[in-house]
Visitor: 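Next up is a structure, given as structure tokens.
First listed ligand is number 1; within each ligand, the first listed atom is number 1. Since the model is a prediction, treat every value here as computed from it, not as a measurement.
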Amino acid sequence: MPKFYSIALCALLFLLQVLSFNLKANSALLHDIQQLSDEPMAGRKTAQPGAELARQYIRQRFADLGLVALQPDFQHPFDYSIGFVDKQGVNLIATLKGCNSADRYIVMTAHYDHLGTIAGKVYNGADDNASGVATMLALAALLKTQPCPSYSYLFIATDAEESGLHGAKAFVAEPAVPLQQLILNINLDMLSRGERANHLYLYGAHSLPGVTDYLNAGDFSVNLKLRHRGKGLRGQNRLDWANASDHAPFRRAGIPYLFFGVDTHTHYHTPQDDWQNIDPAYLQRMFESLSSIVLWLDKQPPEWYQAARKPR
Ligand SMILES: [Zn+2]
């Protein structure tokens, strides 16, 4: 075969491979969201039977993806208290070994708990935060397809986020990997309902100076909205960005972080936060954009992350 044709054929095959991965990732993404926000999960409230069902599902997905457990059954049980009441939660933690800097970890977090049933109504939490967990699983699948991811990864499905970020706090207090080896936290919380203005918000780019330049120069299929101040607007809503979700305990530990999420929407924290309200086209654009950002972050040198670290 002439060289030109063989190059063209290779390029075509590569393109088909990328397209087929995207299609597969997108259908898995929506499927995971559906399953995690399905009726039997009953809103995944911490310590309720629905949360255990969610954990069974996520553990199975971790195992199917070939991710490795650091603790038995991927489970990290922890105690916390609200007022004088002692409570228990369970994080799920899986790891993927890197190739060049295997002793340094990028930690992805996405909380799987939600509000459960309130006044007889089930809060399914499809966007908040079945979407974040499903995206984390799809990103794990993407990283598995890379011949050599530079860094090792921790994928943490956190519990008890809704009542005060307790799962993330418990992980930082007793980390499965020493905190010095954690170079970045990517926190995913509500990723599927940005269809109205095609926005995806990002807080924390200022914790890694090079990210802002890359994102501003990049051509993404969602409109990335960078937020820099601790308190400020997310669309129409005031938000304490610095403490809004599971990146907060990592931020306080001096670890660079990136928090991705959509705007708060009319179904936020209502019984209508259902998968039927998700626009699959937006979901695909969000995932494509996040995939390129995550693969780019994986290729940045360790010194770059080290320089961004804050002393504790
Ligand atoms: Zn949330």
Visitor: Would you compute the distance between atom CD1 of Ile255 and atom CG of Leu179 and round it to the nearest 0.5 angstrom?
Guide: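 Going from CD1 on Ile255 over to CG on Leu179, the span is 5.0 Å.
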Visitor: Taking both backbone and side-chain atoms into account, decide whether Glu161 has an N/O/S atom under 2.8 Å from the Zn ion (ligand 1).
Guide: no
Visitor: Only one of Arg193, His265, His269 passes side-chain hydrogen bond (donor to acceptor under 3.5 Å, both in side chains) with Asp127; say which it is.
Guide: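 The single option meeting the side-chain hydrogen bond (donor to acceptor under 3.5 Å, both in side chains) with Asp127 is His265.
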Visitor: For the residue pair Tyr203 and His228, establish whether any side-chain heavy-atom pair is separated by less than 4.5 Å.
Guide: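 They are not in contact (no side-chain heavy atoms under 4.5 Å apart), so the answer is no.
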Visitor: If I take the Zn ion (ligand 1) as the centre, what angle separates the OD1 atom of Asp128 from the OD1 atom of Asp189? Nearest 10 degrees is fine.
Guide: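 Rounded to 10°, it measures 100°.
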Visitor: Hey, is there an N, O or S on His111 sitting under 2.8 Å from the Zn ion (ligand 1)?
Guide: yes
Visitor: If you apply the rule salt bridge (charged side-chain N to carboxylate O under 4.0 Å, His left out), what do you find for Arg61 with Asp32, and how did you get there?
Guide: CA-CA 9 Å; Arg61 291 284 285 117; Asp32 285 340; 2.9 Å; yes
